[in-house]
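Below is a structure I'd like to ask you about.
All heavy atoms count here, side chains included; hydrogens, waters and symmetry mates do not. Just so it is clear, the structure is predicted and the values come from calculations on it, not from any experiment.
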Amino acid sequence: MNLFRLGLAYIQAKRAMAIRSRRKLEERQLRLLRRHFRFVLEHSPFYRRRFQEEMKGWDSPELTWERLQTLPLMDKETMMSHFDELNTAGIRKEEAFRLAWRAEETRDFTPQIGDVTVGLSSGTSNNRGLFLVSKEERERWAGTVLAKLLPGGVTRRESVAFFLRANSNLYTSVRQRRLTFAYYDLLEDLSAHVERLNRQRPTILVAPPAVLSFLSEEKERGRLNIAPVKVISVADVLDDRDRQKIEEQFGKPVHQIYQCTEGFLAATCSHGTLHLNEDIVHIEREWIDRESGRFVPIITDFCRRTQPIIRYRLNDILVLSDKPCPCGSAMTAIDRVEGRCDDILYLKDAGNGQYRAVFPDFIRRAMWQAGDEILHYQVVQQAPDRIVVAFEERSGMDRRRLEEAIRSAFAQLFRRLKVEAATIRFAPYRHPPADRKLRRVKRIWSP
């Protein structure tokens with residue numbers, strides 16, 4: 001570990017977090033973006049060829065915000081199709097996949113190709129992407145993470161417990177003398193982790209919302225005896241009901257990290273507001289609904305050189321905050337990460353018969369309205385007029401009464417949105433494997 005590089009990234013992140021002027025932040029972004037763009041054009045044959053046509057009309061090679069938006073979008077399929085010539089480390093996709101799959105099977109995530117860490121995204125088995133991170137990039141990432149997430153800075157001793165589908169050199173690179181890490185594998189039985197947590201007594205707890213919810217239930221039953229000073233939700237959408245239950249048991253606000261294969265995109269500040277990490281990424285907004293502040297992020301990462309990320313369109317739905325954060329940061333405040341575009345349901349307008357978007361948050365709120373007796377649920381739109389609700393109720397509750405409450409809540413939602421009512425059917429709830437992303441709302445047909 002190059003402590004100088006880690007320390008420099010830490011200081012730079014702290015300085016960026018203190019920026020209060022949007023103009024100064026954007027000037028900094030453009031300076032970093034131009035430097036990064038020059039490197040990518042020189043070292044990535046794919047991007048050099050991909051941008052060649054768009055750049056012919058430029059009177060100078062310098063990038064501007066307007067010119068950035070004329071460059072073609074990137075997605076996972078394109079990135080994987082051109083993996084060999086896109087990355088700047090000369091790594092072959094076949095070799096990278098072989099190493100990543102072996103790590104998944106053996107649960108040993110330490111092997112690298114040279115100094116490059118290779119990992120798999122958490123998509124379905126037929127649609128999983130590769131990510132590459134060099135030693136230098138890991139050190140810079142570590143410094144940034146420490147700056148944004150350590151409650152007491154680098155001077156206080158911290159013990160971190162983190163629950164993830166797969167470990168990585170990326171995560172363990174932040175281990176220092178005052179900072180100890182314990183990895184908890186989501187493929188193992190969660191109940192078996194409770195005693196280990198009691199022995200570790202972590203000061204920072206990092207896990208997906210479903211795991212934090214399980215741990216809060218274990219704490220309520222008296223089996224878990226830990227008191228972390230910071231609880232951080234990762235990987236999945238954190239809904240308000242889960243947040244409330246977790247905060248009640250741990251007595252701390254739940255913070256969030258928004259990170260994916262494509263980058264470290266957002267983190268909560270000391271006030272609990274989720275801010276885009278615009279010191280290390282530029283995020284364009286592809287609007288879904290301007291009035292409600294919903295957009296799809298298109299990201300350009302200033303720090304990823306091994307596997308450049310330029311104008312990569314994610315499939316997530318972000319919602320802008322409608323009020324400034326008390327911390328005063330110039331970085332954009334996000335109200336929530338609502339889900340994926342595939343989680344938007346489409347129902348026919350009651351007046352003109354055109355399909356209208358019904359956002360995941362509306363569905364989650366309808367389920368909350370149906371009652372606190374519902375422990376777990378998943379809502380799936382199977383057809384234009386058919387929705388299946390799988391749910392698990394508290395022991396001893398009247399399931400038929402809850403089904404009627406759910407039907408009533410959805411009927412109210414349909415009337416309020418002025419859309420044609422869909423048929424509501426019910427099914428038993430099946431808990432997804434712990435290593436899979438939890439999607440409480442999804443759509444499996446296309447309008």
Going through the distances and angles, do E137 and T306 end up as a side-chain hydrogen bond (donor to acceptor under 3.5 Å, both in side chains)? CA-CA 8 Å; E137 288 165 338; T306 309; 2.9 Å; yes
Yes or no on side-chain contact (heavy atoms from CB on, under 4.5 Å) for F163 and L197, after CA distance, side-chain angles and deciding distance? CA-CA 11 Å; F163 288 75; L197 276 172; 3.7 Å; yes
Is it the case that the side chain of Q378 and the backbone of R439 share a donor-acceptor pair, with hydrogens and angles ignored and the cut-off at 3.5 Å?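 The answer is yes, because a donor-acceptor pair under 3.5 Å joins these two groups.
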For a 4.5 angstrom cut-off between non-hydrogen side-chain atoms, does V441 reach I344?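 No, too far: nothing below the 4.5 Å cut-off.
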Under the 3.5 angstrom rule, does the side chain of N277 hit a backbone N or O of I280 as a donor-acceptor pair?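 It does not hold such a pair.
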Closest non-hydrogen atom pair, R365 against D240: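 That closest heavy-atom pairing would be NH2-OD2, 3.7 Å.
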Check whether more than 12 heavy atoms from other residues, nucleotides or ligands sit under 6.0 Å from atom CZ of R15, and answer yes or no.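 At most 12 heavy atoms, drawn from other residues, nucleotides or ligands, come within 6.0 Å of this atom.
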Would you indicate whether R20, at its atom CZ, is surrounded by more than 12 heavy atoms from other residues, nucleotides or ligands within a distance under 6.0 Å?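 Yes - once you tally the heavy atoms of other residues, nucleotides and ligands closer than 6.0 Å, there are more than 12.
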Looking at K245, I'd like to know if its NZ atom is crowded, meaning that more than 12 non-hydrogen atoms belonging to other residues, nucleotides or ligands lie closer than 6.0 Å.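 Result for NZ/K245: enclosed.
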Does E53 have more than 12 heavy atoms from other residues, nucleotides or ligands lying within 6.0 Å of its CD?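 Not buried by this count: 12 neighbours or fewer within 6.0 Å.
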Around atom CZ of R92, are there more than 12 heavy atoms of other residues, nucleotides or ligands at under 6.0 Å?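 It does not: R92 CZ has 12 such atoms or fewer within range.
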Quick one: do the Y184 and Q200 side chains pair a donor with an acceptor below 3.5 Å?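 Y184 vs Q200: donor-acceptor pair found between side chains.
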With salt bridge (charged side-chain N to carboxylate O under 4.0 Å, His left out) as the test, pick out the partner of R440 among D343, D242, D361, D236.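 When D343, D242, D361, D236 are each tested with R440, the salt bridge (charged side-chain N to carboxylate O under 4.0 Å, His left out) holds only for D242.
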Are any non-hydrogen side-chain atoms of L347 and Q381 less than 4.5 angstrom apart?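 In contact.
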Close side-chain approach of V160 and T203, heavy atoms under 4.5 Å: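 Contact flag for V160/T203 side chains = no.
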I want to check something: taking the side chain as every heavy atom from C-beta on, are D185 and R107 in contact at a cut-off of under 4.5 Å?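 Answer yes - side chains close enough.
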For a side-chain contact (heavy atoms from CB on, under 4.5 Å) with T300, tell me which candidate from L68, V281, L71, I309 qualifies.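 It is L68; the other options fail the test.
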Looking at every heavy atom in both F302 and D279, which two are closest together, and how far apart are they?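 Reported closest heavy-atom pair: CD1-O, 3.8 Å.
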For R22, does the CZ atom have more than 12 heavy-atom neighbours from other residues, nucleotides or ligands under 6.0 Å away?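 Enclosed.
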Using every non-hydrogen atom in the two residues, find where E62 and R67 come nearest and quote the distance to one decimal.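 Looking at all heavy atoms of both residues, the shortest contact is O-NH1, 2.6 Å.
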Establish, yes or no, whether the cationic atom of R305 lies under 6.0 Å from the six-membered ring centre of F39 and within 45° of the ring axis.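 R305 over F39 ring: yes.
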Assess R443 against Y346: is NZ or CZ under 6.0 Å from the centre of the six-membered ring, and within 45 degrees of the ring's axis?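 Relative to the ring axis of Y346, which defines the angle, R443 lies outside at least one limit.
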Would you say that I317 contacts P360 through its side chain, given a criterion of any heavy-atom pair below 4.5 Å between the two side chains?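 A side-chain contact under 4.5 Å exists here.
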Please tell me if the side chains of R313 and M74 come closer than 4.5 Å, counting only heavy atoms from C-beta onward.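 No. Closest side-chain heavy atoms not under 4.5 Å.
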Quick one: is the NZ or CZ of R294 closer than 6.0 Å to the six-membered ring centre of F359, and within 45° of its axis?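 That pair qualifies as a cation-pi contact.
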Student check: side-chain heavy atoms of L318 and D316 closer than 4.5 Å: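 Answer yes - side chains close enough.
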For Y377 and Y429, I'd like to know if the aromatic rings sit close, meaning centre-to-centre distance below 6.0 Å.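 No - the distance between ring centres of Y377 and Y429 does not fall below the 6.0 Å cut-off.
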Do R285 and P297 have side-chain heavy atoms sitting under 4.5 Å apart?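 The answer is no; the side chains never approach within 4.5 Å.
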Should we say atom CZ of R196 is surrounded by more than 12 heavy atoms from elsewhere, each under 6.0 Å from it?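 Counting neighbours around CZ of R196, more than 12 heavy atoms of other residues, nucleotides or ligands fall under 6.0 Å, so yes.
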